[in-house]
Every structure is written in structure tokens, then in C-alpha cells.
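Just so you know, residue 1 is the first one in the sequence shown, and it goes up from there. Counting starts at 1 for both ligands and their atoms, following the listed order.
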Amino acid sequence: VARITDIGSVRAALLEWYDAARRDLPWRRTGDPYAIWVSEVMLQQTQAERVEHYWTAFLDRFPSVEALARASEDEVLAAWSGLGYYARARRLREAARIIVRERDGSLPRTSDELLALPGMGEYTAAAVASLAFGEPAAVVDANVARAVSRLAGLPGDPSRGAAKKVVRDLARRLLDPRRPGDHNQAMMELGALVCLPRRPLCAVCPLRARCRAVRSGAPERFPGAGSRLGRLDVTEIVALVGRRGRILLVRGGHDRGWWEGLWLLPGSAASPTESPAARLAATVERRTGLDCRFEGEPIPFSYTVTRHRVEGAALEATDMSGPLRRVPGVAWFSPCDLGSVAVPAPYARLIRSWFERGGAAATRRGRIRRRGAPRSRRRS
Ligand code: SF4
């Protein structure tokens with residue numbers, strides 16, 4: 001039977017530790033429900049250290065729920081650029097519009113009401129309700145689930161099935177009703193800083209005296225290994241097509257379903273049967289109407305998104321003929337333009353270093369053949 005003994009002393013030890021050891025994160029210094037909500041959405045899939053800068057800049061740009069509701073989707077995605085998981089930003093804006101339209105700009109105060117808003121899962125609703133309004137709602141993210149599983153010595157996967165329910169019940173019972181917001185922050189902080197997935201720092205843990213996993217001698221075995229999702233590997237090729245100091249981008253989503261609505265380098269999955277140059281030429285032609293030739297050494301890059309590790313190669317267009325198809329979602333961008341549109345961080349890094357290496361200048365020298373002019377002899 002899963003249990004945590006002496007709940008009162010666990011709560012007290014946890015809060016005492018949190019009061020002394022907590023990180024000074026900017027959203028912990030505000031009581032503004034809107035600002036807290038934005039931080040919790042950003043923290044859903046991104047580490048606190050990375051969120052700090054984005055949260056401050058986002059609030060400078062959209063200081064109130066009204067300002068966010070007034071903004072266009074493009075503006076919001078541009079401010080979110082680099083944080084990833086862009087659906088979060090779209091739903092945040094959508095929810096802000098509902099709050100302004102239906103609630104005169106006031107956030108709902110309970111987790112049940114918050115749950116009705118777009119993008120508001122149980123975790124975010126409980127976090128906002130407890131941190132901003134003092135509701136005794138327990139937050140259970142992956143960090144909290146791991147720490148609770150270990151405290152109670154639960155071996156099962158806390159993200160599903162019976163173990164998930166048991167962990168949620170335990171987290172609710174553990175919640176300190178006098179300081180629910182601080183308790184939730186403390187549990188999340190413990191999971192992020194001390195009760196680490198592979199090497200929990202039990203020697204400095206405020207809860208070690210009451211932890212069943214540490215008594216087993218192998219706390220890292222809790223919860224079960226089945227809770228870790230495997231990583232999927234993907235390979236892709238992208239095109240660096242430049243003209244007069246600008247780069248060609250297309251708007252849409254990645255073939256794999258991420259980055260919907262962002263500006264991307266034209267590209268596709270690598271093919272085992274077709275050369276990267278031929279495949280990219282066909283992809284660019286289909287999307288933009290430009291007839292390009294790619295040669296030279298591929299530029300390797302890699303990134304991680306959702307559960308995917310992507311290994312990629314970028315190829316430079318050295319010759320092209322037009323004209324560019326005049327359709328929405330296909331455009332040239334200068335380095336200055338890139339700051340005001342949403343380009344995923346891995347592509348933005350690649351483009352920046354390509355501009356710095358003079359890639360755009362090299363392409364600028366590339367020939368733009370007039371329509372009907374003979375093709376280059378080098379074309380394959
Ligand atoms: S004692 Fe170790 S396993 Fe138990 S909660 Fe603390 S860090 Fe986690």
C-alpha cells in the first residue's frame with residue numbers, strides 16, 4: 001500500500017528547505033496572475049534557466065492579458081521564437097482573447113474554471129490557481145511525480161494507469177493547505193534540483209529521513225524505467241537559398257508535425273534512394289517555383305524537438321532561376337527581418353552562422369538566370 005508517513009513533518013521539512021534554498025526566479029517575485037500564467041505555460045516544456053529571459057521579454061512586449069489578446073498571431077509567435085512547442089503560444093493568445101471577451105480581462109480564479117481555457121491542462125490550471133489565488137490544488141508534473149513515487153516507494157510508471165492515480169492522490173494528500181502555492185513550488189524545485197532522474201542527491205535532500213526509495217538502497221530505480229520514453233531519430237535536409245543578402249524561407253509546418261505556422265528553411269526528410277541535392281531541388285521547386293542547384297559540402301546541424309533527435313544537413317544553392325512563385329508563405333528575409341518573425345531556434349542558429357560566414361554574399365554572386373536562358377553545364 002502506497003503511503004507517506006508523517007505527512008506533517010514532510011510538509012514542514014519541505015517548506016523549510018524551500019524557504020532557504022529556492023532559486024530567485026523572476027516569476028516568484030510577482031503576484032500578477034497573468035504573469036504567473038505566462039511563466040507556467042513557458043515552463044511546461046522548458047527549463048527555468050532558459051525561460052527567464054523569454055518571460056521577461058514576453059512581458060515587456062505583452063504586459064497584460066489585453067495586450068496579448070490584441071496582438072496578432074505572428075507577433076506572439078515571434079516573441080515565442082526560440083522557446084519551441086509553438087502551439088503553447090497560439091493557445092495562450094487564444095485564451096487571452098477569451099478572457100478579454102468573456103471575463104473583462106480577469107483570469108478565472110479556480111483550477112476548474114481555468115481548465116476550460118485553451119491550452120490549460122491540469123498541471124497549468126493547478127499551478128496558476130495555487131500560485132496566484134491560493135487554491136489548495138496539487139501540481140503534478142514529471143518532477144513532482146518522480147519525487148512522490150520515490151517518497152512512497154512506488155515502482156510503477158507514474159505517467160499512466162494505476163500508478164498515475166496513486167501518485168496524484170498522494171500529491172493531493174501531501175499538499176500543505178496553508179501555503180499551497182509555496183508547497184507546489186517546493187515540490188517542483190525538489191524534483192528539479194535534488195530528486196534528479198538518474199542521480200538523486202539524497203545526501204542533501206530534506207526528505208531523506210522519510211523517503212522509502214532511499215531506504216531501498218537504490219533510489220534511482222524508482223519510479224520504473226518504463227516511465228522514460230524512448231528517443232526517436234530523424235534525418236532531414238534543408239536548403240540555404242540566398243539572393244542579394246537575403247534568405248528564402250517558407251511558412252508552414254515541419255513534415256513531422258511540429259513548428260506549424262513558423263517560417264522554415266525549405267526541406268524534407270532525407271531519402272535513402274535519392275541524392276540530397278536532387279531531393280532538395282525538387283522540394284524547393286515544388287514549394288517556391290525556383291529552379292535551384294545545390295552543390296558543395298553539406299553543413300551538418302542537429303537539434304532535439306519533442307522526443308526526436310534530428311540530425312540534419314543544410315545544402316547551399318549555388319545556381320537558380322526564377323521567378324519566385326508569388327504565393328503567401330514564401331518570402332525572402334534579410335538578417336534584420338529575422339528578428340521580427342518566428343523562425344525555430346535551430347534554423348535561426350544555422351541561418352545566422354550562414355550569414356556570418358558570408359553565405360548570402362556567396363549566393364548573391366550566384367547567377368539568377370533569366371527565364372529561357374540555357375542551364376549551367378554543371379547542372380546534373
Ligand atoms: S531522499 Fe533521494 S530519492 Fe528520496 S526524495 Fe530525496 S532525493 Fe528523492
Side-chain angles (χ1 to χ4, degrees), residues 1-25 27-28 40 43-51 122-124 126-127 130-131 136-231:
V1 177
R3 105 196 134 83
I4 299 173
T5 51
D6 199 0
I7 281 184
S9 69
V10 172
R11 287 174 181 162
L14 182 68
L15 281 174
E16 190 183 330
W17 168 79
Y18 178 68
D19 288 340
R22 70 188 200 169
R23 287 171 293 177
D24 180 27
L25 299 170
W27 47 88
R28 290 182 176 160
E40 288 303 328
L43 288 163
Q44 279 169 13
Q45 267 118 348
T46 313
Q47 289 184 331
E49 291 72 20
R50 282 197 65 216
V51 166
E122 281 181 33
Y123 159 83
T124 313
S130 63
L131 270 55
V139 168
V140 187
D141 66 355
N143 284 336
V144 174
R146 184 173 60 252
V148 170
S149 297
R150 285 173 174 170
L151 272 171
L154 284 173
D157 178 352
S159 68
R160 64 186 74 168
K164 178 175 175 177
K165 187 175 177 319
V166 173
V167 165
R168 273 161 200 273
D169 288 346
L170 283 172
R172 270 183 217 119
R173 281 176 38 215
L174 201 55
L175 182 76
D176 191 327
R178 290 165 305 172
R179 292 174 63 188
D182 285 344
H183 174 94
N184 280 332
Q185 297 259 37
M187 284 301 293
M188 290 189 278
E189 194 83 330
L190 187 82
L193 301 182
V194 179
C195 197
L196 303 175
R198 289 194 189 85
R199 297 175 70 120
L201 307 174
C202 304
V204 296
C205 178
L207 309 183
R208 64 187 175 282
R210 293 134 190 125
C211 177
R212 291 186 162 215
V214 83
R215 261 182 260 147
S216 77
E220 67 284 355
R221 293 216 190 121
F222 295 84
S227 64
R228 284 184 204 108
L229 297 170
R231 207 170 67 184

What's the count of protein N, O or S atoms under 2.8 Å from atom 6 (Fe) of ligand 1?
->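 Total protein N/O/S atoms under 2.8 Å from atom 6 (Fe) of ligand 1: 1.
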Please test S216 against R221 for side chain to side chain donor-acceptor pair (under 3.5 Å), starting from the C-alpha separation and ending with a verdict.
-> CA-CA 9 Å; S216 77; R221 293 216 190 121; over 6 Å; no
Inspect the contact between D169 and K165 and indicate whether a charged nitrogen and a carboxylate oxygen are less than 4.0 angstrom apart.
-> yes
Taking E122 as the fixed residue, which of R168, R172, K164 is the one that meets the salt bridge (charged side-chain N to carboxylate O under 4.0 Å, His left out) rule?
-> R168
Taking only residues two or more places apart in sequence or in another chain, which ones pass side chain to side chain contact (heavy atoms under 4.5 Å, CB included) with Q44?
-> V41, R88, Y123, T124
More than 12 foreign heavy atoms under 6.0 Å from CD of Q47: is that the case here?
-> no
Evaluate the side-chain contact (heavy atoms from CB on, under 4.5 Å) criterion for residues V148 and V140: first the C-alpha distance (whole Å), next the side-chain angles of each, then the deciding distance (0.1 Å), finally the verdict.
-> CA-CA 9 Å; V148 170; V140 187; over 6 Å; no
